[in-house]
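This report refers to the structure that appears directly beneath it.
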Amino acid sequence: MKNLIKTILDKTNTKTKLNLIVSGGESPRVLFRKLSKLKDNLKKINFYLADERLTNKKNFSNLTNLLKEINRGKIKIKIISPTNKKIFLKNFKKNYLISILGIGEDGHFASIFGTSKKFNLLTNRKYKPNIYLTDKIGKPFCKRVTVNLPAILGSNKIFIILNNLRKKNIIRKALKEKDSKKYPIYLLLKHAKKKLSFFDAKKLIQIKSF
């Protein structure tokens, strides 16, 4: 079965840079810790945060948590936050692009929640890749900046990492009910099927089916 770290290594063993759109939360932490040990390869990766929480509590910041995990390797890395909209949108598609996302207990990804007032704006595939400010939503309950669905669909590959059985069941329910407002992740299941893969967040091994 495919290993997520090996997939990333294969893309960084070339002369070109690799761009990674990554989400926050608990799901990617094992991945970040593993990547922190790959110093030479890290130099070839540009990290783009899929979303950021606008809160004064540093432990809730996706940027802070990514830096904490990656900096275990004591190496300078390039991280671009969606709060820096101009730089983010200008550069994120210049290299081979992989999105690595977790999902919430309600099936949201990035900060695209089914209950968001801007759900239709964030998920309209006719729009160009963009970044939006959301209403206060989620846990922690705060405003967020997030990429829209077209930005993620523009990836060459999209990897969803699942850290428990409940998240796997959400995928099963989304596939069965086909309701994107109830389970926003269904949008990726529907529109990114050919470029979408699932990985166990702890073992970083591909999950073949549900």
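For the single chain, residues carry numbers from 1 onward in sequence order. Note that the structure is a prediction, hence the values are computed from the model and not measured.
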Measure across [X] and [Y] and return the closest heavy-atom pair with its distance rounded to 0.1 Å.
| X | Y | answer |
| --- | --- | --- |
| Leu149 | Arg125 | CD2-CG, 3.8 Å |
| Ser99 | Ser155 | OG-OG, 2.7 Å |
| Pro184 | Phe109 | O-CE2, 3.2 Å |
| Tyr127 | Asn148 | CB-ND2, 4.4 Å |
| Phe199 | Lys2 | CE2-O, 3.5 Å |
| Ser27 | Ala201 | O-CB, 3.4 Å |

Using the salt bridge (Lys or Arg N to Asp or Glu O under 4.0 Å) criterion, which residues pair with Arg53? Sequence neighbours excluded.
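For Arg53 there are no salt bridge (Lys or Arg N to Asp or Glu O under 4.0 Å) partners, ignoring immediate neighbours.
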With a 3.5 Å distance limit and no angle check, can you tell me whether [X] reaches the backbone of [Y] through a side-chain donor-acceptor pair?
| X | Y | result |
| --- | --- | --- |
| Asn13 | Leu9 | yes |
| Asn65 | Ser61 | yes |
| Lys44 | Thr12 | yes |
| Lys118 | Tyr132 | no |
| Lys90 | Lys85 | no |
| Lys17 | Lys43 | yes |
| Asn62 | Asp51 | yes |

Take a 6.0 Å sphere around CG of Asp10 and say whether it holds more than 12 heavy atoms from other residues, nucleotides or ligands.
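Correct, the count exceeds 12.
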Within a reach of under 6.0 Å around NZ of Lys34, are more than 12 heavy atoms found that belong to other residues, nucleotides or ligands?
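Count not over threshold, so no.
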Between Leu196 and Leu189, is the side chain to side chain contact (heavy atoms under 4.5 Å, CB included) condition met? List the steps.
CA-CA 8 Å; Leu196 187 64; Leu189 298 174; 3.8 Å; yes
Run the ring pair (Phe, Tyr, Trp, His ring centres under 6.0 Å) test on Phe88 and Tyr48 for me, step by step, so that the C-alpha distance in whole Å, both residues' side-chain angles and the decisive distance to 0.1 Å come before the verdict.
CA-CA 7 Å; Phe88 191 109; Tyr48 291 79; 5.1 Å; yes
Candidate pair Leu153 and Leu187, rule side chain to side chain contact (heavy atoms under 4.5 Å, CB included), full reasoning:
CA-CA 10 Å; Leu153 291 179; Leu187 292 165; over 6 Å; no
Test log, rule side chain to side chain contact (heavy atoms under 4.5 Å, CB included), inputs Leu54 and Cys142:
CA-CA 6 Å; Leu54 301 183; Cys142 62; 5.6 Å; no
Side-chain heavy atoms under 4.5 Å apart, restricted to Ile/Leu/Val/Met/Phe/Trp/Tyr: what other residues fall into the cluster of Phe113, or is it alone?
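Noted: Phe113 shares its cluster with Ile137.
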Just wondering, do [Y] and [X] contact through their side chains at under 4.5 Å, heavy atoms?
| X | Y | value |
| --- | --- | --- |
| Asn95 | Leu18 | no |
| Tyr96 | Thr16 | no |
| Ile161 | Ile100 | yes |
| Pro28 | Val22 | no |
| Ile103 | Tyr183 | no |
| Ile112 | His108 | no |
| Ser197 | Ile160 | no |
| Thr146 | Pro82 | no |

Is it the case that one hydrophobic cluster holds both Ile131 and Phe119, taking links as side-chain heavy atoms less than 4.5 Å apart, direct or via other members?
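Yes; Phe119 is reachable from Ile131 via cluster members.
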Please determine whether residues Phe60 and Leu49 belong to a single hydrophobic cluster, defined as Ile, Leu, Val, Met, Phe, Trp and Tyr linked transitively by side-chain heavy-atom distances below 4.5 Å.
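In one cluster with Phe60: Leu49, no.
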To the closest 0.5 Å, what do you measure between [atom1] ([X]) and [atom2] ([Y])?
| X | Y | atom1 | atom2 | value |
| --- | --- | --- | --- | --- |
| Glu105 | Asn164 | CD | CG | 5.5 Å |
| Ile171 | Tyr186 | CD1 | OH | 12.0 Å |
| Ile170 | Lys182 | CD1 | NZ | 11.0 Å |
| Thr7 | Gln206 | OG1 | CD | 8.0 Å |
| Asn46 | Asn91 | CG | CG | 8.0 Å |
| Asn19 | Phe47 | CG | CZ | 10.5 Å |

side-chain contact (heavy atoms from CB on, under 4.5 Å) involving Lys136 - partner list, sequence neighbours excluded
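side-chain contact (heavy atoms from CB on, under 4.5 Å) list for Lys136, sorted by chain: Phe141, Lys143.
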So, Asn169 versus Arg172: side-chain donor-acceptor pair below 3.5 Å or not?
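Per modelled atom types, Asn169 and Arg172 side chains form a pair under 3.5 Å.
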Should the pair Glu52-Arg144 be classified as a salt bridge under the 4.0 Å nitrogen-to-oxygen rule?
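Answer for the salt bridge query: no.
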Leu42 and Leu35: side chain to side chain contact (heavy atoms under 4.5 Å, CB included), yes or no, with the steps?
CA-CA 7 Å; Leu42 273 179; Leu35 287 176; 4.3 Å; yes
